[in-house]
Amino acid sequence: MAGPKRYYVTTPIYYVNDVPHIGHAYTTLACDVLARFKRLDGYDVKFLTGTDEHGQKVEKSAQDKGVDPQAFTDQVSQRFRDLLGTMNFTNDDFIRTTEERHKISVQALWDRLREKGEIYLDNYAGWYSVRDEAFYAESELTKKPDGSFVAPTGAPVEWVEEPSYFFRLSAWGEKLLKFYDENPDFILPKSRRNEVVSFVSGGLQDLSVSRTTFKWGVPVPGDDAHIMYVWLDALTNYITAVGFPDEDHGEFQTYWPADLHMVGKDILRFHAVYWPAFLMAAGVEPPKRVFAHGWWTNEGHKISKSLGNVIDPIELVEKYGLDAVRYFLLREVPFGNDGDFSHAAMVARMNGELANDLGNLAQRVLSMVNKNCDGAVPRHGDFTADDQEMLDAAHGIIHKVREHMDVQGFNHAIEDIWVVIRACNGYVDRQAPWKLKKEDPARMGTVLYVLAECIRHIALVLQPFMPGSMSKMLDLLEISTEHRTFDFIGYAHALEPGRALPAPQGVFPRFVEDEKGD
RNA sequence: GGCUGGGUAGCUCAGCUGGUUAGAGCGCGGCACUCAUAAUGCCGAGGUCGGCGGUUCAAGUCCGCCCCCAGCUACCA
């Protein structure tokens with residue numbers, strides 16, 4: 001092994017006050033596929049997810065239910081842990097901001113920033129709406145005839161001042177811009193990077209990093225009247241999970257800086273501006289990449305709680321099947337863009353690509369093998385140019401997929417795999433093994449062998465996307481579980497002629513509409 | 001308003017630093033095949049490449065202006 005192959009990927013920690021929805025599943029899915037891919041590719045992977053459990057809203061929700069915040073978060077964070085199993089996610093750790101390890105970590109980071117003079121005490125002043133429990137910028141307010149101001153929500157606001165600690169973010173603008181410049185792929189996609197650069201170029205103000213208006217959070221060391229700002233608290237989870245503040249040993253040495261923080265576009269700024277600034281200020285290396293993905297709409301409509309059209313990932317899985325959903329979410333849309341979830345599109349992908357292209361390919365090939373080759377991997381003769389070309393295409397997929405995965409180009413990776421799947425179907429028709437059966441049985445064996453090898457490679461590279469289904473497909477080829485990493489790509493580990501195979505079973509059934517239609 | 005990215009076949013989109021008849025998938029039409037999950041393969045249908053003007057021997061591909069769409073324009077997460 002040349003150099004350490006390690007990969008650290010994170011999801012945001014999800015706010016426990018939310019109910020898990022498709023957005024959460026989507027973010028974590030992308031990370032899961034990357035984590036699985038890297039593991040199969042020989043990397044030592046750490047895949048982290050978790051829950052953000054502090055803040056005023058949580059405190060209030062707990063109060064409303066008459067339970068203490070810790071009991072409340074214990075309960076609601078479970079919903080996020082349940083989703084992991086439903087989606088077949090393979091996180092290596094699950095962090096909660098209410099854990100002791102995290103409190104130690106955040107306070108250590110705070111002390112570090114304080115010692116370096118990056119945090120100072122001052123007053124936070126602004127227009128506050130008691131009704132909305134939020135501060136508003138003056139530009140957001142509307143002036144009423146009587147001279148008072150009103151929030152965008154229509155709520156009255158008042159000018160309030162409270163003591164607060166501030167982080168000297170204003171001092172980090174130039175350094176951030178230099179960092180972005182030296183690390184052009186730090187923020188992906190490119191369009192998001194532009195937005196962030198433009199935002200930072202516009203100048204930064206110091207950031208209020210403590211609150212005194214509620215208690216549910218990590219206390220500021222040495223000043224219990226203050227609770228740490230939720231984002232400083234939340235972002236730190238990424239280093240807590242690798243053992244911070246112990247930077248000299250164990251996981252921190254192995255995994256930090258993280259290779260990728262996967263986030264939704266709504267929280268890009270926190271990850272691409274505040275977080276690297278906090279870290280640089282504390283003398284800790286920033287992560288290598290932040291990728292901001294897009295949002296889903298539902299049948300063309302924006303998703304919102306008030307519209308009641310929130311998509312529940314569990315319902316999707318029950319209706320379409322887990323791997324079909326995993327496939328759809330990463331196939332349908334160029335990763336980074338917004339996408340639309342629709343029943344019609346889902347069924348089109350399921351039937352057109354999974355059932356017809358891939359499922360049927362495996363079924364037609366394996367049925368012929370089962371019926372005409374004594375139910376065993378066929379023996380093959382010399383390969384023709386056509387055979388060779390087909391095999392080369394199958395062997396070569398990994399290179400293209402790897403390139404795409406390294407920039408989170410999931411849909412492109414899948415597209416390139418499908419090019420080979422379609423080529424296989426074309427090869428089957430061209431070679432017509434059902435004719436060779438009568439004319440040249442030995443040649444038929446060679447053709448079916450080539451196809452079985454192609455299916456093996458296709459299944460290998462698709463494992464990260466559809467682990468359950470590809471496991472079945474590899475079972476049909478009698479590939480042992482130890483022979484399913486990318487080390488087994490190529491001739492050296494080709495199928496062994498004569499090995500008995502089980503009777504084929506369909507891996508991707510077609511989706512049939514109910515009589516009623518929905 | 002400012003900044004950024006877009007407007008290419010019915011739909012979703014590729015088209016790198018300008019150069020032969022503008023591509024893919026889906027959908028549609030026709031043909032072939034019958035191993036397979038009413039699956040597959042082949043062929044085709046001709047889109048003023050948002051509009052106008054310009055640079056060039058040559059422009060979706062560069063420049064200018066205009067129209068339309070989306071995102072960003074700081075401290076709820």
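Lettering of chains follows the sequences in order, A, B, ..., and the numbering in each one begins at 1.
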I'd like a table of atom pairs between the protein and nucleotides 4-6 of chain B - only N or O on both sides, under 3.5 Å - with the distance next to each one.
from  : atom 1 : to     : atom 2 : distance (Å)
B:rU4 : O2'    : A:N194 : ND2    : 3.2

Please enumerate all protein N or O atoms sitting under 3.5 Å from an N or O of nucleotides 41-43 of chain B, with distances to 0.1 Å.
from   : atom 1 : to     : atom 2 : distance (Å)
B:rG41 : O4'    : A:D429 : OD2    : 3.0

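Between the side chain of A:N360 and the base of B:rA39, no donor-acceptor pair of N or O atoms lies under 3.5 Å.
Taking 4.5 Å as the limit, every side-chain heavy atom of A:H271 sits out of range of all side-chain heavy atoms of A:F291. Using a 4.5 Å heavy-atom cutoff, the side chains of A:F383 and A:L391 are in contact.
Within 6.0 Å of CD in A:Q505 there are 12 or fewer heavy atoms belonging to other residues, nucleotides or ligands.
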Show every donor-acceptor pair shorter than 3.5 Å between a side-chain atom in residues 171-180 of chain A and any protein atom, with sequence neighbours excluded, or say none if there are none.
from   : atom 1 : to     : atom 2 : distance (Å)
A:W172 : NE1    : A:E118 : OE1    : 3.0
A:K178 : NZ     : A:E182 : OE2    : 3.1
A:Y180 : OH     : A:A272 : O      : 2.6

List, one per line, each side-chain donor-acceptor pair under 3.5 Å for residues 348-357 of chain A, sequence neighbours excluded.
from   : atom 1 : to     : atom 2 : distance (Å)
A:R349 : NE     : A:E332 : OE1    : 2.6
A:R349 : NH1    : A:E353 : OE2    : 2.7
A:R349 : NH2    : A:E332 : OE1    : 3.1
A:N351 : OD1    : A:F511 : N      : 2.7
A:N351 : ND2    : A:F511 : O      : 3.1
A:E353 : OE1    : A:Y327 : OH     : 2.5
A:E353 : OE1    : A:R331 : NE     : 3.4
A:N356 : OD1    : A:R510 : NH1    : 2.7
A:N356 : ND2    : A:N351 : O      : 3.2
A:D357 : OD2    : A:W418 : NE1    : 3.4

Let's test your reading of the pairing rules: Watson-Crick or G-U wobble, both distances under 3.5 Å, then write RNA chain B as a dot-bracket string with ( ), [ ], | and dots. (((((((..((((.....[...)))).(((((.......))))).....(((((..]....))))))))))))....
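Listed pair A:W434 / B:rC33 fails the phosphate criterion, with no side-chain N or O lying under 4.0 Å from OP1 or OP2. The phosphate of B:rA77 has neither OP1 nor OP2 within less than 4.0 Å of any side-chain N or O from A:N17.
When distances run from any side-chain atom of A:R510 to the nucleotides B:rC75, B:rU73, B:rA39, the shortest one goes to B:rA39. Comparing B:rG71, B:rA39, B:rA77 against the side chain of A:K265 picks out B:rG71 as the nearest. Comparing B:rA74, B:rU37, B:rA77 against the side chain of A:Q205 picks out B:rA74 as the nearest.
For the pair A:R331 and A:L169, both in contact range of RNA chain B, the more 5′-proximal nearest nucleotide belongs to A:R331. Comparing A:P509 and A:K435 along RNA chain B, the residue whose closest nucleotide (by nearest heavy atom) sits nearer the 5' end is A:K435.
Contacts of A:V377 classified as side-chain contact (heavy atoms from CB on, under 4.5 Å), with partners at least two apart in sequence or in another chain: A:Y449, A:L495, A:R499, A:L501.
Using a 4.0 Å heavy-atom distance criterion, A:V507 is classed as a base contact. If you check every strand for non-hydrogen atoms under 4.0 Å, A:K437 touches nothing.
Taking the syn range as angles within 90° of 0, the glycosidic angle of B:rG60 is syn.
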